[in-house]
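Everything on this sheet refers to the single structure shown next.
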Amino acid sequence: MTSLVSLFSRPSPLRFSKESFNARNATVYTAYDPGHPPPHPGPQWTRFICLSDTHSQTFQVPPGDVLLHSGDLSRLGTYDQLKVTMDWLRSLPHPVKIIIAGNHDLPLHESWYETQYHRCGFCTNATYPVSRVTIGQIPSHIRKLVDNENNGIVYLQDQQYTFQAKDGGRKWSVYGSPWQPWFGGWAFNYTPEEAQARVSLIQEVDILLTHGPPNTILDTTLNNQHVGCPELLAHLSKMQKPPLIHCFGHIHEAHGATVRVWDVDEATKTNSHATEAPSNHRNKQSSETIMVNAANQPIGPKAFVRGIRVPCGGPGFQPVIIDMLDSAQR
């Protein structure tokens with residue numbers, strides 16, 4: 001961690017720009033000076049810091065009220081890799097920290113791991129006796145490392161959670177789902193035939209964490225394909241009250257943020273369709289979701305600047321800051 005902090009603090013060809021936009025109830029920062037992040041707007045606001053796809057890398061994270069991590073905590077989900085991440089997250093000052101797994105966090109998908117561990121390059125007690133060598137790869141031990149109330153970190157796997165970021169403050173609801181469409185048979189994958197049943201479990205909440213993106217929203221790959229989940233987008237579009245924030249990752253090269261506007265049919269109070277529109281053209285009867293692809297591990301053309309490899313969390317892949325009014329309503 002020290003070397004990355006020093007990288008950010010000394011003169012470097014890697015320069016941080018400033019990019020932000022305003023939504024109805026929030027301000028979103030996708031680029032900023034990590035040494036001098038934008039000031040917290042005040043007691044009527046909650047600052048959310050969005051991370052994803054950190055893959056056991058550590059870096060400078062701006063302070064805030066709530067830290068959200070949308071999965072791929074590690075490279076392959078080994079005990080040592082996840083311990084690096086959990087130790088790092090525990091060291092951060094955010095009062096509330098909520099995380100989910102991703103397709104790289106292999107043993108956290110226990111039913112998958114029981115039959116597929118042989119593909120991962122390390123073993124479990126399915127074939128070897130428990131020892132100091134193998135105990136780190138037993139899913140139950142790895143799960144205890146991540147899903148442990150002593151961490152001060154909330155781990156969600158197809159679960160809902162309610163929290164307060166401040167004493168006496170607003171109660172926020174969040175749902176976490178580590179799943180994404182079929183991707184080479186990795187952990188937490190689902191087939192097109194399984195998609196509707198899987199995403200239908202997602203509940204209406206203030207904040208949604210998924211590992212994979214919805215279709216056509218910050219999901220464009222290097223070969224210009226949309227690989228997000230169509231059923232997830234359809235499910236969101238049918239919600240009476242879509243989330244205020246939807247944070248995901250998985251497609252690293254599509255890092256960024258946008259606003260999705262959901263037009264509401266006043267006769268039935270249901271979502272009729274969704275569009276993306278600038279803030280000055282939004283219908284007063286519509287609701288909106290701040291969509292964030294928070295992937296921090298650089299991939300693609302933005303991963304190199306003048307021949308210099310951008311580090312995890314560096315320019316173009318920074319944690320996304322969302323300042324949300326506590327009075328915001330879905």
Side-chain angles (χ1 to χ4, degrees), residues 23 28 30 50-55 68-73 100-105 109 156-158 174-205 207-239 242-263 271-277 287-303 316-317 320 322:
V28 181
T30 55
C50 303
L51 309 176
S52 189
D53 299 84
T54 54
H55 294 285
L68 305 172
H69 195 304
S70 287
D72 278 2
L73 303 161
I100 64 171
N103 60 293
H104 277 258
D105 304 315
H109 187 180
L156 298 178
Q157 189 167 312
D158 301 314
V174 57
Y175 187 90
S177 170
W179 299 87
Q180 73 279 168
W182 183 263
F183 186 75
W186 286 65
F188 299 111
N189 281 191
Y190 53 77
T191 65
E193 294 76 21
E194 298 167 330
Q196 185 174 8
R198 178 59 61 186
V199 302
S200 67
L201 300 174
I202 296 173
Q203 301 167 22
E204 295 193 14
V205 290
I207 303 153
L208 175 60
L209 302 182
T210 63
H211 184 57
N215 189 245
T216 71
I217 300 177
L218 301 171
D219 71 333
T220 307
T221 62
L222 293 175
N223 57 4
N224 206 34
Q225 292 185 332
H226 290 293
V227 295
C229 180
E231 293 294 343
L232 177 56
L233 180 63
H235 182 63
L236 292 170
S237 71
K238 294 173 185 175
M239 289 183 174
L244 293 167
I245 298 170
H246 181 188
C247 183
F248 48 87
H250 191 46
I251 309 304
H252 298 211
E253 57 268 42
H255 176 280
T258 189
V259 173
R260 190 72 170 186
V261 178
W262 314 95
D263 293 331
N271 256 325
S272 54
H273 62 280
T275 59
E276 290 182 47
S287 59
E288 65 181 36
T289 299
I290 297 171
M291 298 284 190
V292 178
N293 183 328
N296 298 119
Q297 183 65 52
I299 287 180
K302 293 190 299 181
F317 298 89
V320 174
I322 303 175

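The basis for the numbers below is simple: all heavy atoms, side chains too, and nothing from hydrogens, waters or symmetry mates.
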Could you grab the distance from atom [atom1] of [X] to atom [atom2] of [Y], nearest 0.5 Å is fine?
| X | Y | atom1 | atom2 | result |
| --- | --- | --- | --- | --- |
| Ser237 | Arg260 | OG | CZ | 8.5 Å |
| Ser177 | His211 | OG | NE2 | 10.5 Å |
| Ile290 | Ile245 | CD1 | CD1 | 5.5 Å |
| Leu51 | Leu73 | CG | CG | 10.0 Å |
| Asn293 | Cys50 | CG | SG | 10.5 Å |
| Arg198 | Thr191 | CZ | OG1 | 10.5 Å |

- [ ] Please say whether more than 12 non-hydrogen atoms of neighbouring residues, nucleotides or ligands are located less than 6.0 Å from CD in Gln203.
- [x] yes

Task: Within 6.0 angstrom of Asn224 CG, more than 12 heavy atoms from elsewhere - done: no

Task: Stepwise side chain to side chain contact (heavy atoms under 4.5 Å, CB included) test for Ile251 and Thr221 - done: CA-CA 7 Å; Ile251 309 304; Thr221 62; 4.3 Å; yes

Open item on the list: Please check: side-chain N/O of Asn103 versus main-chain N/O of Ala187, any donor-acceptor pairing under 3.5 Å?
Closed with: no

TODO: Ignoring hydrogens and angles, tell me if any N or O in the side chain of Ser70 forms a donor-acceptor pair with the backbone of Cys247 under 3.5 Å.
DONE: yes

Task: Member of Leu236, Asp219, Leu208 meeting the side-chain contact (heavy atoms from CB on, under 4.5 Å) criterion with Met291 - done: Leu236

Is [Y] close to [X] at the side-chain level, that is, under 4.5 Å between some pair of heavy atoms?
| X | Y | result |
| --- | --- | --- |
| Val320 | His255 | yes |
| His109 | Asn189 | no |
| Asn296 | Asp53 | no |
| Phe188 | Gln157 | yes |
| Pro214 | His246 | yes |
| Pro178 | Asp158 | yes |
| Val174 | Pro243 | no |
| Thr210 | Ile202 | yes |

TODO: Give the C-alpha distance, both sets of side-chain angles, the deciding distance and a yes or no for side chain to side chain contact (heavy atoms under 4.5 Å, CB included) between Phe183 and Val227.
DONE: CA-CA 10 Å; Phe183 186 75; Val227 295; over 6 Å; no

- [ ] For this output row, return yes or no: ring centroids of Trp179 and His250 closer than 6.0 angstrom.
- [x] no

Open item on the list: I'd like to know if the side chain of His235 pairs up with that of Ser200 as donor and acceptor (distance under 3.5 Å, no hydrogens or angles considered).
Closed with: no

Open item on the list: Please tell me whether His226 and Asn215 have a donor and an acceptor in their side chains that are separated by less than 3.5 angstrom.
Closed with: no

- [ ] Please step through side chain to side chain contact (heavy atoms under 4.5 Å, CB included) for the pair His252 and His55, ending with a clear verdict.
- [x] CA-CA 12 Å; His252 298 211; His55 294 285; 3.4 Å; yes

TODO: Go through the steps to decide whether Val28 and Val259 satisfy the test side chain to side chain contact (heavy atoms under 4.5 Å, CB included), and finish with yes or no.
DONE: CA-CA 10 Å; Val28 181; Val259 173; 5.9 Å; no

Measure across [X] and [Y] and return the closest heavy-atom pair with its distance rounded to 0.1 Å.
| X | Y | result |
| --- | --- | --- |
| Lys302 | Gly316 | NZ-O, 3.6 Å |
| Gly71 | Ser52 | O-OG, 3.6 Å |
| Phe248 | Gly212 | CB-O, 3.7 Å |
| Phe317 | Ala303 | CE1-N, 4.1 Å |

